[in-house]
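These notes are about the structure you will find just below.
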Protein chains: 2
Amino acid sequence: MGETEQIVRQMSEKGLRITEQRRTLAQLFAEAPGYLTPKDVYDHMQRFYPGLSFDTVYRNLRVMLDLGVVEQFAFEEGVKFKLSCEEPHHHHHMICLQCEKTLPIRSCPMPATDVPGGFQVVKHKFEVYGYCSECREPEGESAVAEGEKA
Amino acid sequence: MGETEQIVRQMSEKGLRITEQRRTLAQLFAEAPGYLTPKDVYDHMQRFYPGLSFDTVYRNLRVMLDLGVVEQFAFEEGVKFKLSCEEPHHHHHMICLQCEKTLPIRSCPMPATDVPGGFQVVKHKFEVYGYCSECREPEGESAVAEGEKA
DNA sequence: TTTGGTGCAAAATCTTTGCATAATA
DNA sequence: TATTATGCAAAGATTTTGCACCAAA
């Protein structure tokens, strides 16, 4: 699993010093399936560095965000982070409501969308939420397969 | 413009007492073109009620949210509110980056989206950002018409 | 007059900043 | 050894809560 080292190298190349915390942080993001809140990051790191402070977590998240190593996402419950997509092409995501893992959707709805005249499109967002194959209920328990909902 | 009264009645029917603040709040949302932050709301209301406190704003936003009178939206910059869509049918939005006004998109990309097997779709989000006819630059100044962008 | 709303103050979160110390390159 | 990163403490910013008083119904 060289993903961690790849992230570390990416940070190093951009002028950051590689501290133990940052290496652990890189590994955390490399192995995390979904999105992480600053608190998730803190809790995880804290196990390795008992003296860790929250401001270091925020500072490193900020730096990694500025460097493009991670991406930030504003959920209703708050801000979360994940590794930047390696996918070079334009794509969208399916996000698992259980494990928060993201899967790429390569088709883009934009070309087929009828934009009322006069509106100048700059960017768009398309996200599908649901349960991935590992997290979906085995049976049809409370499986409300409501594909239609805002 | 009976929109304000319509909102007020909606609140009243659901058991809320109609205070002057709430009437002003209803009017504010009825007339606001785009999204409002709690601070926007506070600043506006403050002009009419100098003694207004922030907690009242938050409490009323919460109540109106629970009642479905307004909708909450998590932007990167923070949480914002707007009147709930009157549109009864499933739809999506174009959001103006300048005035934040929202316009409905009635076509839904979901049916045409190829969802990888195993993923159980629960809900989705599709939003188009850009400039509405009133806010778009008159000429092609820095009009980067880049319809393609994450 | 009863129930719910408001202002005030204070607390609880969440995030950022200044500064001395410690660690990387 | 020259910066840069960290921990600590404190400050900001945002949002919530308890309580006494006031107002709508």
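Remember, predicted model here, so these are calculated numbers, not experimental data. Chain A is the first sequence line, chain B the second, and so forth, proteins listed ahead of strands; every chain is numbered from 1.
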Tell me: [atom1] of [X] to [atom2] of [N], nearest whole Å?
{"X": "Phe54(B)", "N": "dT6(C)", "atom1": "CZ", "atom2": "C1'", "answer": "16 Å"}
{"X": "Met11(B)", "N": "dA24(D)", "atom1": "CE", "atom2": "P", "answer": "14 Å"}
{"X": "Gln46(B)", "N": "dG7(C)", "atom1": "CD", "atom2": "C1'", "answer": "12 Å"}
{"X": "Gln72(B)", "N": "dT15(D)", "atom1": "CD", "atom2": "P", "answer": "9 Å"}
{"X": "Tyr42(A)", "N": "dT15(C)", "atom1": "OH", "atom2": "P", "answer": "14 Å"}
{"X": "Met64(B)", "N": "dG5(C)", "atom1": "CE", "atom2": "P", "answer": "13 Å"}
{"X": "Tyr58(A)", "N": "dT15(C)", "atom1": "OH", "atom2": "P", "answer": "3 Å"}
{"X": "Lys14(A)", "N": "dA5(D)", "atom1": "NZ", "atom2": "C1'", "answer": "19 Å"}

Is Gln21(A) touching bases, backbone alone, or none of the nucleic acid, heavy atoms closer than 4.0 Å?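 Sugar-phosphate only.
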
Tell me, please, whether Phe75(A) has Lys80(A) positioned over its six-membered ring: NZ or CZ under 6.0 Å from the ring centre and within 45 degrees of its axis?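 Pair Lys80(A)/Phe75(A) counts as cation-pi.
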
Quick check on DNA chain D: between Gly78(B) and Leu16(B), whose nearest nucleotide comes earlier from the 5' end?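 By nearest-heavy-atom nucleotide position, the 5'-most residue is Gly78(B).
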
Assuming nearest nucleotide by heavy-atom distance, tell me which of Gly51(A) and Pro38(B) is located more 5' along DNA chain D.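 Result of the comparison: Gly51(A).
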
Is any NZ, NE, NH1 or NH2 atom of the basic residue among [X] and [Y] found under 4.0 Å from an Asp or Glu carboxylate oxygen of the other?
{"X": "Lys123(A)", "Y": "Glu127(B)", "answer": "no"}
{"X": "Lys82(A)", "Y": "Glu100(A)", "answer": "no"}
{"X": "Arg62(B)", "Y": "Asp66(B)", "answer": "no"}

Polar pair under 3.5 Å, donor/acceptor by atom type, side chain Arg59(A), base dG7(D):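 When only heavy-atom distances are counted, Arg59(A) does reach the base of dG7(D) through a donor-acceptor pair under 3.5 Å.
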
Any donor-acceptor pair, under 3.5 Å, between the side chain of Asp55(A) and the base of dA10(D), if you only look at N and O atoms? no

5′-ward residue of the pair Val57(B)/Thr19(A) relative to DNA chain C: Val57(B)

Does the side chain of Ser53(B) get closer than 4.0 angstrom to OP1 or OP2 of dG7(C) through an N or O atom? yes

Residue Arg17(A), side-chain atoms from C-beta onward, closest of dT6(D), dA25(D), dT4(D): dT4(D)

Decide if the gap between the ring center of Phe119(A) and the ring center of Tyr131(B) is smaller than 6.0 angstrom.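 Ring centres of Tyr131(B) and Phe119(A) not closer than 6.0 Å.
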
